[in-house]
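Quick notes on the structure that follows.
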There are 2 protein chains.
Amino acid sequence: MQRENSKIRSDLEIAQSATLLPITQVADKIGLTENDMELYGKYKGKIRFEALHALENRRDGRLILVTSMNPTPLGEGKSTVTIGLGDALNRLGHRSILALREPSLGPVMGIKGGAAGGGYAQVVPMEDINLHFTGDLHAITVANNVLASIIDNHIFQGNKLGIDPGRITWKRALDANDRALRNIVVGLGGKGNGVPREDHFEITAASEMMAIFTLAEDLVDLKEKIARTVVAYTYEKKPVTVGDLGAEGALTVLLKDAFQPNLVQTLENTPALVHGGPFANIAHGCNSLIATKTALKLADYVITEAGFGADLGAEKFFNIKSRIGKLTPTATVIVATIRALKFHGGVNREELYDENVDALREGFHNLLKHIETIKEFQVPFVVALNRFITDKEREILEFEKLCNEYDIPFAVTEVWEKGGAGGIQLAERLLAVIDQAEKDHSPTFYPLYPLDISLEEKMNVIAKKVYGAKGIELSPKAERQLRELEQNGWSKLPICMAKTQYSLSDDPNKLGRPKDFTIHIRQLKPSIGAGFIVAYTGDILTMPGLPKHPAALKINIDDSGKVTGLF
Amino acid sequence: MQRENSKIRSDLEIAQSATLLPITQVADKIGLTENDMELYGKYKGKIRFEALHALENRRDGRLILVTSMNPTPLGEGKSTVTIGLGDALNRLGHRSILALREPSLGPVMGIKGGAAGGGYAQVVPMEDINLHFTGDLHAITVANNVLASIIDNHIFQGNKLGIDPGRITWKRALDANDRALRNIVVGLGGKGNGVPREDHFEITAASEMMAIFTLAEDLVDLKEKIARTVVAYTYEKKPVTVGDLGAEGALTVLLKDAFQPNLVQTLENTPALVHGGPFANIAHGCNSLIATKTALKLADYVITEAGFGADLGAEKFFNIKSRIGKLTPTATVIVATIRALKFHGGVNREELYDENVDALREGFHNLLKHIETIKEFQVPFVVALNRFITDKEREILEFEKLCNEYDIPFAVTEVWEKGGAGGIQLAERLLAVIDQAEKDHSPTFYPLYPLDISLEEKMNVIAKKVYGAKGIELSPKAERQLRELEQNGWSKLPICMAKTQYSLSDDPNKLGRPKDFTIHIRQLKPSIGAGFIVAYTGDILTMPGLPKHPAALKINIDDSGKVTGLF
C-alpha cells in the first residue's frame, strides 16, 4: 500500500519470506492444545466448539477497538496499525490477541488492498487469508443461496405459505464484485423454469447471513437467529420466516464448521482470530462476536478493529455488536494519516504526497469530529498517526502541535516499516490512558441510544451525534417502510446504517467536517435474524462493481506455483 | 439408500460411529509422510504438489473402472460397490486406492443421496465430504464467476475486444439446485449497473471450469487450458478467450489449492482420493485426472467410477479422460441391481420390491447392451450384482442363470451390508478376469473413434455403438453451430454427450433396450478449455431444480452440534 518504488518489497513478498510458526505452537501460546484445534494446513486452524465451551468461566481480558477518521480511497492502514499494536503489546510482555475480519474476494479481485495488514504488520499466511482462507465466506454464500433456492422452489411447488413473489426480501449473494448481478430477472424460460420475478445479488459481506453469522453467540443462537429471519411477505403482507419454511436446520449445518473461529498469526507470531467479514459501509463491519468473545477469554488484551471511520464501524461496534454481545470496550485507538488529513483539507488525490500544512490543519477537523464521537460513547482513546514514508517532517510536527493544542493523547506509529517495534509508543500511550481512566474511575462505555425510542429517533441520534448532521429525511418509500416496521413490532431493534465511508455525510464528496447537512434515508430493511434495521442512505450499493483495471488481471502464478501480483 | 425400516441404521449413523484413522496414518499406508500433506482437520488432507512431483517416475498400477447399467431414479449403489471393491482388494492383501468424484451440494440439498457410498461401504468423514469438504467446488464456483464478472466488466468499461453481449457463452455457476437461475436477465437498472443481456446459471458440476479442473495434468496445464477457453464472440464472430482478457493467472491462483487431490478413507481405512465432481449426464462424469494419475503411482490397483451407466460415464471415461490422460484401463466392473433390471423390464417404481422374474429377464437386455459397449472398447469386465436386502432369492437365481446363459463373468456383492467382506467374491472374480486377459494377450483398451473424423461422424459413432441408435438428427440450431465449430477449426476435438441417464436413448421414458430410435442433438457447445464439444440431446438441463420436498428440509442439527437427516 505504501510502496512508492520498486526497491521496496511488496506485502506479498514480505509475507512469502516470513518464518511462520506451526499454528499448533501459536495455539500453545494461548493455552490451546492440538486437540482444541481443527487444522487447515500447517498455518491455519479453527478452534473447536469443545474448546470454546471449556473457556466459558474464565475472566475476560480488556477489549481495545481500533477505528479511524474518514479514510481516503487509498485506505489509511487501520488493519496494519491494529496488527502492529498487537505485536507491540506482545513485545511489551502483555498476552495479546487480535480479532479481525476476514477479507472478501470481491475487493481482492477488484481493487488492490486486502484486509490482512501491510508491510511488516501483516497476518499470515496472507495469500490464503486473502483468497479462500478456511472457506467461511463460501459457506455463508452457500447458506444464503440455498435459502434463496428454497424460497423460489416453495412458490414453484404450490406456494402453500402464500408468498408474494413481488415481496421476497431475501436476496441471492456472491463473494464477488459483480455489478451485472445488482438487478436481474430470474425464473424466465416459461413453465417448468420457475416463477419470473425481479431479484438482486448482494456481495456476501453485505448479506444478512453474514450479519447473523457474526452476531450469533453460539450454534444454538445461530440456528434461532436463522429461524426468525424474515425472507418475504405473504399476499396479506404477513412476514414469512426461515422457520416457516423449515430450513433453519440445513442452513445451520451448512455454517457449523465455518462458525468455529479461525486462528492465524502475525509476522511476529502474535495470535490472531480472523473470523467473519461484514463490510462497514453496507453492513455492521465487525469480526464475529464468537471470535471476540473467545479472544477475551484467551488474552489480557484483545485488539479488534471495526471497518472504515468511527462514523461507520465504531458506531455499529458500540451500538450493535457490543450491545448484543454485552461487551465493554476498554479503550479506542483512532487512526489518522497525514494523507487523509490533507485529503479532508481539500487536496486532490494526485497531490497527496506534496507537503501541505495548511490543508492538514483544515482536515484535522474531520479527525476532531471522530474524537467527539468516541467521547460520546464514554470510551478512553488515543489517536495513532500511521506514519508513511512519504510524510514530511513539517507535517508530522504540525500534527503533533495540533494534538497538543486540543489536548489529544496521541502516538506516531511506524508499524508498516518496523512491525511491532514501530507500535511501542502507541502501545505505551494506550496502556497509560487505560491506567489513568481506571484510576479516575471514569464513566465507562454506554450505547448512544436506548432501544425503546422510535426507529426514527434512533436514526436521528446517529445522524446528529455521530455524523454531525442536522437530522434525517426519509424518502416516501422509507416513510412507508417505517410504518410497516412499526406495525410488525420491530421498533425495538437497533439501526445499522449503510452510508458512504468517505464522508461524515451521505455524499462522498463532502469532505472534512461538513455542516448543515441532512442524511437522506432512501430505504429501510428489517434484518430480523441479525437483529437490526438497515437504513440505506445516499446512493450506497450492496453489490460493488469491478474497476476499469481489475486487480485480478495483475494476479499471476508461475510454473513453479508461486503467486505474484496479489498486492 | 437401502434403509427399509427404522431399525436399520442410516448411512450417517454408521459413518458417525465409525473409527477413523488419523489421515496421516492413512497417508503413511501409501508411503506419504505428514510433510507430503496439507491437513484439513484430522481426517481430511490434500496431497501437496511437491509430493506429486516426487512420484513422477514411478510405475503405474492397474486401473479398474466401475460403471453400470442405466440406473433407476433411486440409484444403484455404484459408488457403494466401488468402495466395497476397494476394501475387498485391500482385505485380499492388494495395495488399493479409490479415486472418486466429490459430491455436489445441489443434489445433497435436493434429493436424498450423496456420492460417498452407503451402508458399510462409505468414504468418511461422510458429513464433511457431502457438505463443503475441502472447498474445491467453492473454489471452482468462484473462479467461474470471477471470470463472468470480468467479461461483463470488460463490456461495461468500454469493450475494447468488441465482445457481442448477445454472444457470451460463458455462464455463471452455483453449486445448487436452483431452477430460478436457469434463465435470467442481468445488467438491469440503467446506466452504471452494467449492460442488460440474457444469462444463465449452471450447476458447478456441469460447468466448463469443472471440466477443465478435472482434465488438467498439472498447474501449468491448468493455466493453459483456462487461457485458451472461449468465453464469447466478437461482433465479427471471432472467438474471445480468457487469455484475451488476461484473466488466466488470477483464475489459476483461485484454483491452485483446490487442485491438490484430497485424501480420505473408507470405513475400513482404505485410502481414497476424492477429487473433482463433474456430473455424467451433463458433463464428462469422472473424478480429476490428477487424482487418478496420483493414485496410479501410489497403488497396485486403482478403483475408480464414472457416473451413471456405461452409455454416459464410461463412454466419456474412455473416449475423453483416458485419451487426454493417456490412461489404459485394465478392466471394468458393470454394476447391476435386481431393481434396475425389473425397472427396465417395465415395472413401476412402486412395485420394484415385488418379486417379478419375467420383468427381470426382460430388463436384462439393458445390461446386455452395456456389456456390448464395454466390449467395443476392448476392456475385460465383470458384472457385479449389488444385492439389496429386499431382493428375492428366485430373482438372484434367475440373474445368475442369465449370466451363465450369456457367458458373462459375474459376482454378487453385499458390500452395503457387509463392507469389504461382501465384495470378496467380486474382487476375486475381477482378479481372475484380469489374469486371464493378460495370459491371453487380449487386445487392450482402444477409444471408440479417432479424433480426425468429423464431429458429426463422432456423434454418430457414439449414438450407434454406445446407445444402439439408428443415428443422430441435428436441430437447425445445431446444424448452424456445427458449421461454426468447423469454421473455427475445432473439428478434431472429442464429443461430450449431455443425455438423460435413465435411458439408452435421449428420452428418459424409453427403458430397457430401445430400438429404432434417433438421438436428437439440440445444441452444440465448444468447451475449448476442457478440450471437447458438448452435444446436448433431448431436454437435458444443466441446472437442476429442487423437488417438492427438498432433502434440505429434513437436515437438522441438535443443541450439541450433532447433525441428523443427512441421508
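Contact count versus chain B (heavy atoms, under 4.5 Å) is highest, among Gly158(A), Gly190(A), Gly249(A), for Gly249(A). Among Leu541(A), Val563(A), Thr252(A), Asn177(A), the residue making the largest number of heavy-atom pairs under 4.5 Å with chain B is Val563(A). The greatest number of non-hydrogen atom pairs below 4.5 Å with chain B, out of Leu105(A), Asp199(A), Val220(A), is found for Val220(A). Heavy-atom pairs under 4.5 Å with chain A peak, among Pro550(B), Ala176(B), Ala139(B), Gly561(B), at Ala139(B). Across Leu181(A), Leu251(A), Ile155(A), Val195(A), the residue that shares the most heavy-atom pairs under 4.5 angstrom with chain B is Leu181(A). Chosen from Glu34(B), Glu198(B), Arg172(B), the residue pairing most often with chain A at heavy-atom distances under 4.5 Å is Arg172(B). Of the listed residues (Gly189(B), Ala250(B), Gly194(B)), the one with the most heavy-atom contacts under 4.5 Å to chain A is Ala250(B). Among the candidates Asn153(A), Thr134(A), Asn556(A), the residue making the largest number of heavy-atom pairs closer than 4.5 Å to chain B is Asn153(A). Contact count versus chain B (heavy atoms, under 4.5 Å) is highest, among Thr564(A), Val146(A), Val142(A), Thr141(A), for Val142(A). Among Ile555(B), Asn183(B), Ile150(B), the residue with the largest count of heavy-atom pairs under 4.5 Å with chain A is Asn183(B). Ranked by heavy-atom pairs under 4.5 Å with chain A, the list Ala258(B), Gly192(B), Ser560(B), Gly545(B) is led by Gly192(B). Contact count versus chain A (heavy atoms, under 4.5 Å) is highest, among Asp559(B), Asp152(B), Leu219(B), for Asp559(B).
Using a 4.5 Å cut-off between heavy atoms, Pro547(A) touches chain B through its backbone atoms (N, CA, C, O) alone. Looking at Lys548(B), the atoms closer than 4.5 Å to chain A (heavy atoms on both sides) sit in the backbone and in the side chain alike. Proximity to chain B is absent for every atom of Arg197(A), based on heavy atoms less than 4.5 angstrom apart. Interface residue Asn35(A): only side-chain heavy atoms are found under 4.5 Å from chain B. For chain B, the nearby part of Lys256(A) is the side chain; its heavy atoms alone come within less than 4.5 Å. Interface remark: Leu553(A) contributes backbone and side-chain atoms alike to the contact with chain B (heavy atom separation under 4.5 Å). Proximity to chain B (any heavy atom under 4.5 Å) is restricted, for Glu127(A), to the side chain, taken from C-beta onward. If you measure heavy-atom distances from Phe49(A) to chain B, you find no contacts under 4.5 Å at all. For Ile557(A), the parts lying under 4.5 angstrom from a heavy atom of chain B are both the backbone and the side chain. Residue contact with chain B, scored on non-hydrogen atoms closer than 4.5 Å, involves the backbone and the side chain of Leu546(A) alike. Both the backbone and the side chain of Val185(A) come within less than 4.5 Å of a heavy atom of chain B. In this structure, no portion of Asp218(A) lies under 4.5 Å from any heavy atom of chain B.
The aromatic rings of Phe259(B) and Phe213(B) stand perpendicular to each other, their planes meeting at an angle above 60°, with 30° marking the opposite boundary.
Between the side chain of Asn130(A) and the backbone N or O of Met126(A) there is at least one donor-acceptor pair closer than 3.5 Å. Within the 3.5 Å criterion, the main-chain N or O of Asn193(A) finds no donor-acceptor partner in the side chain of Arg179(B). A donor-acceptor distance shorter than 3.5 angstrom exists from the side chain of His154(B) to the backbone of Leu161(B), with no hydrogens or angles considered. No side-chain donor-acceptor contact under 3.5 Å links Lys554(B) to the backbone of Gly565(B).
Side-chain contact annotation: Asn145(A) with Asp178(B), donor-acceptor N/O pair under 3.5 Å absent. A donor-acceptor pair shorter than 3.5 Å can be found between the side chains of Asp244(B) and Thr241(B). Side-chain contact, Asp175(B) with Ser104(B): a donor N or O sits under 3.5 Å from an acceptor N or O.
Among the candidates Ile226(B), Leu255(B), Val242(B), Asp221(B), the single residue satisfying the side chain to side chain contact (heavy atoms under 4.5 Å, CB included) test with Ile212(B) is Ile226(B).
Side-chain contact between Met109(B) and Leu131(B) is present, with heavy atoms from C-beta onward closer than 4.5 Å. Proximity of Met209(A) to Trp170(A): side-chain heavy atoms (C-beta onward) are separated by under 4.5 Å at one or more points. Leu254(B) places a side-chain heavy atom less than 4.5 Å from the side chain of His132(A).
Classification of Asp257(A) and Lys46(A) as a salt-bridged pair fails, no side-chain N sitting under 4.0 Å from a carboxylate O. Looking at Arg48(B) and Glu38(B), a side-chain N of the basic residue comes within less than 4.0 Å of a carboxylate O on the acidic one, giving a salt bridge.
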